[in-house]
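One-based numbering, in listed order, for ligands and for the atoms of each.
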Amino acid sequence: MKLLVTGGAGFIGSNFIRMYMGDHPDCEITNLDKLTYAGNLENLRDVENDPRYHFVHGDICDREVVDGVMPGIDAVVNFAAETHVDRSIGDPEGFLRTDIFGVHVLLEAGREHGLDRFVQISTDEVYGPALSEPFPEDAALNPRNPYSASKAGGEYLARSYFITYGFPVIVTRGANNVGPNQYPEKVVPLFTTNALEGEPLPLYGKGDQERDYTHVLDHCSGVATALERGEPGEIYNIGAGNHMKNIDMARLILKEVGKSDDLIVHVRDREGHDFRYAIDSSKLEALGWKPAYDAEAAILDAVRWYVANPDWWKPLKSGDFRKFYEKQYRARLEEADQSS
Ligand code: NAD
Ligand code: TYD
């Protein structure tokens with residue numbers, strides 16, 4: 001199988017490429033990535049000289065670039081996206097561009113090139129908050145921030161290509177991933193690296209929100225299952241059912257790195273913060289998928305990776321990240337200081 005993986009220099013895409021190449025000696029993978037702040041070629045140093053792997057630096061919104069990489073491709077797995085909810089609240093435009101328009105460009109090019117499969121990587125966040133039962137795939141969507149709304153737009157468009165043109169689209173909706181190589185804006189790497197540096201852990205609100213902390217390798221094996229065994233036109237949830245409250249996740253991290261709970265600072269909540277995500281993944285399980293990590297094992301595996309790899313994350317926490325951090329957290333941390 002010749003795969004085009006987009007966004008393969010990011011967190012999940014790089015873990016997927018490594019896993020897929022390991023499991024499929026005959027595959028060939030082209031990684032098309034724009035290398036935004038979240039793209040990092042360090043994530044794929046171990047495969048970059050493998051003759052089955054090719055990297056192309058480019059934007060999925062650029063039709064000429066996309067047409068240039070399509071010849072010979074059997075299937076696309078579209079990971080490329082703007083992905084951070086807080087950034088989408090501050091500046092949504094780039095999310096609309098990549099997460100909706102970029103999907104459109106890939107679909108148009110893919111249809112013209114007669115692909116066998118197109119996997120659109122979506123998120124459980126499109127369902128909005130799950131306050132009771134986990135959502136099955138046919139639940140109504142209720143995206144509530146510019147990130148999840150853009151992802152919902154992208155997947156609606158992808159599914160419309162199946163219905164309208166019979167283009168073989170599969171959509172996956174993954175839960176919160178944790179594991180190696182996650183950019184330190186997301187909560188587990190942010191809290192782990194802050195704890196290691198003796199910095200506060202800015203916990204939004206009371207920290208009683210819940211996420212389904214699924215190991216990135218479990219998400220990647222779910223994507224591979226959907227790619228290989230999924231039905232065109234279908235949607236597959238991918239969540240391990242690893243629910244944990246954010247406050248408990250923060251305490252687990254601090255305990256693992258030997259730091260005091262005093263580093264937790266309750267700060268002003270995220271605007272429109274979705275309280276809880278929960279999805280029912282039995283449809284994918286029926287295809288043979290089974291997660292290997294529970295919540296604690298998934299989070300601790302991530303934490304230990306950051307402890308062992310400061311050379312990977314320390315350079316990322318300077319420069320542009322610092323500017324984002326100041327904008328996102330400085331006022332929140334100062335307010336919290338004044339009220340304590
Ligand atoms: P990430 O932010 O770590 O990486 C995104 C990658 O896409 C980067 O390498 C970036 O350079 C690239 N990219 C961005 N815009 C691009 C463009 N216009 N053209 C080409 N490349 C571009 O993201 P991630 O956490 O690895 O997420 C990957 C996918 O999985 C996304 O579609 C995201 O919505 C989805 N997802 C993520 C999670 C999660 O917990 N992280 C959960 C469910 C679904
Ligand atoms: P995040 O990693 O941004 O993922 P998402 O919002 O896409 O689920 O956040 C995970 C949870 O952690 C979410 O409930 C918000 C919370 N959180 C904090 O409490 N503090 C932070 O600094 C961040 C980034 C997130």
Side-chain angles (χ1 to χ4, degrees), residues 5-16 31-41 43-44 56-62 65-66 77-89 94-95 97-99 101-103 105-106 120-126 129 145 147-148 150-151 154-155 172-179 181-191 194 200-214 216 219-220 222-223 237-239 244-247 249-250 264-270 272-277 279 325 328-329 332-333:
V5 174
T6 65
F11 165 46
I12 307 175
S14 60
N15 276 283
F16 178 81
N31 172 14
L32 173 62
D33 198 297
K34 187 181 169 185
L35 298 180
T36 66
Y37 75 93
N40 186 349
L41 291 176
N43 297 351
L44 287 166
V56 177
H57 184 195
D59 187 339
I60 61 165
C61 300
D62 184 334
V65 168
V66 172
V77 185
N78 180 30
F79 289 100
E82 290 295 337
T83 61
H84 191 38
V85 172
D86 289 325
R87 288 188 196 248
S88 85
I89 293 168
F95 290 72
R97 188 177 174 277
T98 293
D99 301 9
F101 183 71
V103 179
V105 172
L106 289 172
Q120 172 61 16
I121 306 297
S122 190
T123 162
D124 64 353
E125 306 196 17
V126 296
N145 59 59
Y147 165 65
S148 54
S150 304
K151 292 297 291 184
E155 68 158 83
T172 62
R173 293 182 182 146
N176 282 65
N177 281 220
V178 293
N181 298 113
Q182 186 169 32
Y183 189 81
E185 67 192 353
K186 305 292 184 339
V187 75
V188 168
L190 179 73
F191 281 11
N194 276 17
L201 276 53
L203 188 67
Y204 292 150
K206 292 193 183 120
D208 52 356
Q209 301 83 7
E210 274 181 40
R211 294 293 184 264
D212 172 359
Y213 289 104
T214 296
V216 64
H219 183 219
C220 290
V223 171
N237 287 339
I238 312 179
M244 194 183 274
K245 288 191 189 305
N246 289 337
I247 180 94
M249 171 268 298
I264 296 174
V265 176
H266 291 269
V267 297
R268 175 163 38 92
D269 209 347
R270 171 185 283 173
H273 195 168
D274 285 342
F275 189 71
R276 179 174 187 265
Y277 296 131
I279 49 177
Y325 192 84
Q328 182 64 23
Y329 296 105
R332 280 184 156 90
L333 288 165

Among Ala250, Pro202, Pro189, Pro200, which one has a heavy atom closest to atom 20 (N) of ligand 2?
-> Pro202
Can you check whether Phe11 has an N/O within less than 3.5 Å of an N/O in ligand 1?
-> yes
Would you say His273 touches ligand 2, if touching means a heavy atom closer than 4.0 Å?
-> yes
Walk me through it: do Tyr325 and Asn194 pass the test side chain to side chain contact (heavy atoms under 4.5 Å, CB included)?
-> CA-CA 11 Å; Tyr325 192 84; Asn194 276 17; 3.0 Å; yes
Quick one: does Tyr329 get a heavy atom under 4.0 Å from ligand 2?
-> yes
Ligand 1 contact by Ala175, heavy-atom criterion under 4.0 angstrom | yes
Would you call Arg87 and Glu185 a salt bridge, taking side-chain N to carboxylate O under 4.0 Å as the test?
-> yes
N or O contact, Thr123 vs ligand 1, cut-off under 3.5 Å | no
Take Thr83 and Lys186 through the side chain to side chain contact (heavy atoms under 4.5 Å, CB included) test and state the conclusion after the steps.
-> CA-CA 9 Å; Thr83 61; Lys186 305 292 184 339; 2.9 Å; yes
For Asn176, atoms of ligand 1 separated by under 4.0 Å from a heavy atom = 40 (O)
Polar proximity ligand 1 side, Lys34 side, N/O cut 3.5 Å exclusive | yes
Check: Tyr147/Glu82 side-chain N/O donor and acceptor closer than 3.5 Å | no
Is there a nitrogen or oxygen of Gln209 sitting under 3.5 Å from a nitrogen or oxygen of ligand 2?
-> no
Do any nitrogen or oxygen atoms of Arg211 lie less than 3.5 angstrom from nitrogen or oxygen atoms of ligand 2?
-> yes
So which of Asn237, Ile121, Val77 actually passes side chain to side chain contact (heavy atoms under 4.5 Å, CB included) with Thr172?
-> Ile121
Which of the numbered atoms in ligand 1 are below 4.0 angstrom from a heavy atom of Gly7?
-> 6 (C), 7 (O), 9 (O), 12 (C)
Backbone N or O of His219 within a donor-acceptor pair of the Thr214 side chain at under 3.5 Å?
-> no
Answer yes or no: does an N/O atom from Asp86 fall short of 3.5 Å to an N/O atom of ligand 2?
-> no
Could you check Asp99 against Lys151 for salt bridge (charged side-chain N to carboxylate O under 4.0 Å, His left out), going step by step and ending with a plain yes or no?
-> CA-CA 6 Å; Asp99 301 9; Lys151 292 297 291 184; 5.2 Å; no
Numbering the atoms of ligand 1 from 1, which are under 4.0 Å from a heavy atom of Gly58?
-> 19 (N), 20 (C)
The answer for which part of Leu35 has a heavy atom under 4.0 Å from ligand 1 is backbone
Judged by non-hydrogen atoms, does His84 sit under 4.0 Å from ligand 2?
-> yes
Where the closest heavy atom to atom 12 (C) of ligand 1 is concerned, which of Val188, Asp33, Thr6, Thr83 has it?
-> Asp33
Is the closest N or O pair between Gly10 and ligand 1 shorter than 3.5 Å?
-> yes
Between His219 and ligand 1, does any nitrogen or oxygen pair lie at a separation below 3.5 Å?
-> no
Ligand-side contact atoms (ligand 1) for residue partner Lys151, heavy atom cut-off under 4.0 Å = 31 (C), 32 (O), 33 (C), 34 (O)
Please identify which atoms of ligand 2 are closer than 4.0 Å to at least one heavy atom of Leu190.
-> 22 (O)
Report the distance from atom NZ of Lys245 to atom CZ of Arg211, rounding to the nearest 0.5 Å.
-> 11.5 Å
Considering the heavy atoms of Leu203, write down every atom of ligand 2 situated less than 4.0 Å from one of them.
-> 19 (O)
Between Ile12 and ligand 1, does any nitrogen or oxygen pair lie at a separation below 3.5 Å?
-> yes
Is Asp33 reaching over with its side chain to a backbone N or O of Ala9, donor-acceptor style, under 3.5 angstrom?
-> yes
Between the candidates Asn15, Thr36, Val126, Val77, which shows the shortest non-hydrogen contact distance to atom 13 (N) of ligand 1?
-> Thr36
Within 4.0 Å of some non-hydrogen atom of Ala81, the atoms of ligand 1 are 5 (C), 7 (O), 14 (C), 31 (C), 32 (O)
Donor-acceptor pair, His57 side chain versus Lys34 backbone, under 3.5 Å?
-> yes
Which atoms of ligand 2 sit under 4.0 Å from any heavy atom of Lys186?
-> 2 (O)
Ligand 1 contact by Ser122, heavy-atom criterion under 4.0 angstrom | yes
Would one find an N or O of Phe191, backbone or side chain, under 3.5 Å from an N or O of ligand 2?
-> no
Can you tell which of Tyr183, Tyr204, Tyr147 gets a heavy atom nearest to atom 23 (C) of ligand 2?
-> Tyr204
Taking distance alone, with no angle check, do Arg270 and ligand 2 share an N/O pair under 3.5 Å?
-> yes
Does Ala80 reach ligand 1 with a nitrogen or oxygen that is under 3.5 Å from one of the ligand's nitrogen or oxygen atoms?
-> no
Can you tell me the protein heavy atom closest to atom 11 (C) of ligand 2 and the distance?
-> Asn246 ND2, 3.6 Å
Would you check the N or O atoms of Asn177, main chain and side chain alike, for any that come under 3.5 Å of an N or O of ligand 1?
-> yes
To which of Phe79, Tyr277, Tyr213, Tyr147 does the heavy atom nearest atom 34 (O) of ligand 1 belong?
-> Tyr147
Any Gly8 heavy atom less than 4.0 Å to ligand 1 = no
Is Glu185 in contact with ligand 2, taking contact as a heavy-atom separation below 4.0 Å?
-> yes
Stepwise side chain to side chain contact (heavy atoms under 4.5 Å, CB included) check, Phe79 with Val223 | CA-CA 10 Å; Phe79 289 100; Val223 171; 4.3 Å; yes
Numbering as shown, the atoms of ligand 2 that approach Val85 to under 4.0 Å (heavy-atom distance) | 6 (O), 7 (O)
Just by modelled atom types, is the Gly154 backbone N or O under 3.5 Å from a matching donor or acceptor in the Gln120 side chain?
-> no
For the pair Asn246 and Tyr204, evaluate side chain to side chain contact (heavy atoms under 4.5 Å, CB included) and give the outcome as yes or no after the intermediate values.
-> CA-CA 9 Å; Asn246 289 337; Tyr204 292 150; over 6 Å; no
Looking only at protein heavy atoms, identify the closest one to atom 5 (P) of ligand 2 and say how far it is in Å.
-> Glu125 OE2, 3.5 Å
Any idea which part of Glu125 is under 4.0 Å from ligand 1, heavy-atom wise: side chain, backbone, both or neither?
-> neither
What do we get for Asp59 next to ligand 1 when only non-hydrogen atoms under 4.0 Å count, side chain, backbone, both or neither?
-> both
Val187 N/O to ligand 2 N/O under 3.5 Å = yes
closest protein heavy atom to atom 43 (C) of ligand 1 is Gly174 O, 3.3 Å
Judged by atom type as modelled, is there a donor-acceptor pair below 3.5 Å linking the side chain of Arg332 to the main-chain atoms of Arg268?
-> yes
Identify which of Asn194, Asp124, Asn176 has a heavy atom lying nearest to atom 4 (O) of ligand 2.
-> Asn176
